[in-house]
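Just so it is clear, the values below take in all heavy atoms, side chains as well, and ignore hydrogens, waters and symmetry mates. Keep in mind that this is a model prediction, so the values were computed, not measured.
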Amino acid sequence: MSTPTESTTNFAAISRLLQFTDSTFPVGTFSFSNGLETAGFENMVKDADTLREFVWSQSLQAAYSDGVAAIHAHRAFLAGDYDGIVEADRMLMLFKMNDEARLMLKRMGKKFAELAKRLFSNPLIDRWLEEIKAEKTPGSFPVAQGISYAAAGVNEADLFVAHQYGVVNMVLSAALRCVKVSHYDTQKILFDLSERVEGLYKEASQMELKDMNAFFPELDILASLHEKGAMRMFMN
């Protein structure tokens, strides 16, 4: 019988990483499409090839904005720097141009903060949730990811991987409802784009909050159309 080799794996951190990225984790990711509903309705995204281009643009936009904020929040949390957490929150929301993006990040962020308060016993998380409720800070989802993953013992590189996975998978999950693609198509896109995450992290990890950038004007146009549009993943 072979003898197990000694492992330095943080089993709890990996388990929590999987928990936080699972589609059943109740923060509401299934409710949003990051503009894909309207992109599909307007025939901008109509098949696997156009979906791949759209998702890659989303990945880039998120890496250099949301991803940067998440990394800075993670670092601030580990340093016990509450003001740094709030600054990452504030700067990210100032960066978002359309109301739908801000609403999405705030709804998901507050839900994550509420869950984090129950999962962790930490005064920084408690204070952040209280200030979200008091509307003293936006409570954005990437910042919630940053502080929660730090509290869970997940390092910032793995946080960034999880963040990218979440952005891409959110759009691809919506695509199965909005675009003529199969599970095979979406899984191939997810598999291929994962090879680019390391390069994105190397760039994003060197950026300051003031360096956040993303040029994806079509996304803001789609968001403005979506506010009065007819395309919805769910109807009530």
Q: Step by step, work out the side chain to side chain contact (heavy atoms under 4.5 Å, CB included) result for V161 and Y201.
A: CA-CA 8 Å; V161 173; Y201 169 70; over 6 Å; no
(Q) Which heavy atom of T21 sits nearest to which heavy atom of A162, and what is that distance? (A) CG2-CB, 3.5 Å
Which atom pairs, donor and acceptor, lie under 3.5 Å between side-chain atoms of residues 126-135 and protein residues at least two apart or in another chain?
unit_1	atom_1	unit_2	atom_2	d
D126	OD1	K117	NZ	3.3
W128	NE1	D89	OD2	3.4
E131	OE1	Y82	OH	3.0

Q. Okay, side chain of R102, backbone of K96: is any donor-acceptor separation there less than 3.5 Å?
A. yes
Q. Below 4.5 Å, heavy atoms only, C-beta onward: do N213 and M207 meet side chain to side chain?
A. yes
Q) Heavy-atom distance under 4.5 Å between the side chains of P26 and L115, does that happen here? A) yes
Q. Among S57, S59, S65, which one satisfies side-chain contact (heavy atoms from CB on, under 4.5 Å) with Q61?
A. S65
Q. Any idea which heavy atoms bring A13 and V154 closest together, and the distance?
A. O-CG2, 3.6 Å
Q: Measure the shortest side-chain to side-chain distance between T50 and M44 over non-hydrogen atoms and say whether it is less than 4.5 angstrom.
A: no
Q: Indicate the atoms forming the closest heavy-atom contact of A69 with L209, along with that distance.
A: CA-CD2, 4.0 Å
Q) Where do L159 and A70 come nearest, in terms of heavy atoms and distance? A) CD2-O, 3.6 Å
Q | Rounded distance (nearest 0.5 Å) linking atom CG of N169 with atom CD1 of I189 | A | 11.5 Å
Q) If every non-hydrogen atom of C178 is compared with every non-hydrogen atom of E37, which pair is closest and at what distance? A) SG-CG, 4.0 Å
Q) Rounded to the nearest 0.5 Å, how far apart are CZ of R52 and CG of D47? A) 11.0 Å
Q: Enter the distance from I71:CD1 to E208:CD here, rounded to the nearest 0.5 Å.
A: 11.0 Å
Q: Determine whether L51 and L36 make a side-chain contact, defined as any pair of heavy atoms from C-beta on separated by less than 4.5 Å.
A: yes
Q | Student check: side-chain heavy atoms of T9 and I14 closer than 4.5 Å | A | yes
Q) Can you tell me how far CG of D66 sits from NE2 of H163, rounded to the nearest 0.5 angstrom? A) 4.5 Å
(Q) Are E156 and L78 packed together at the side-chain level, in the sense that at least one heavy-atom pair is separated by less than 4.5 angstrom? (A) no
Q: Please indicate whether E198 has more than 12 foreign heavy atoms, meaning atoms of other residues, nucleotides or ligands, lying under 6.0 Å from its CD.
A: no
Q.
Between L200 and V167, is there shared hydrophobic-cluster membership here, with clusters defined by ILVMFWY side-chain heavy atoms closer than 4.5 Å?
A. no
**Q.** D185 side chain reached by K188 side chain, heavy atoms, under 4.5 Å
**A.** no
Q) With no hydrogens and no angle check, is any side-chain donor or acceptor of S205 less than 3.5 Å from a backbone partner on K202? A) yes
Q) Between S15 and F11, is there a donor-acceptor pair closer than 3.5 Å when you use the side chain of the first and the backbone of the second? A) no
Q.
side chain to side chain contact (heavy atoms under 4.5 Å, CB included), that's the test. Do I147 and L124 meet it? Break it down for me.
A. CA-CA 9 Å; I147 64 178; L124 289 180; over 6 Å; no
Q) Under 4.5 Å between any side-chain heavy atoms of M108 and K111, yes or no? A) no
Q. Does S148 reach the main-chain N or O of Q145 with its side chain, forming a donor-acceptor pair under 3.5 Å?
A. no
Q) Measuring from H74:NE2 to F160:CZ, what's the distance to the nearest 0.5 Å? A) 13.0 Å
**Q.** Close aromatic pair by centroid cut-off 6.0 Å: F20 and F112
**A.** yes
(Q) I need the minimum non-hydrogen distance between K106 and P138, along with the two atoms involved. (A) CG-O, 3.7 Å
Q) When rounded to the nearest 0.5 angstrom, what is the spacing between CD in E203 and CG in D211? A) 12.0 Å
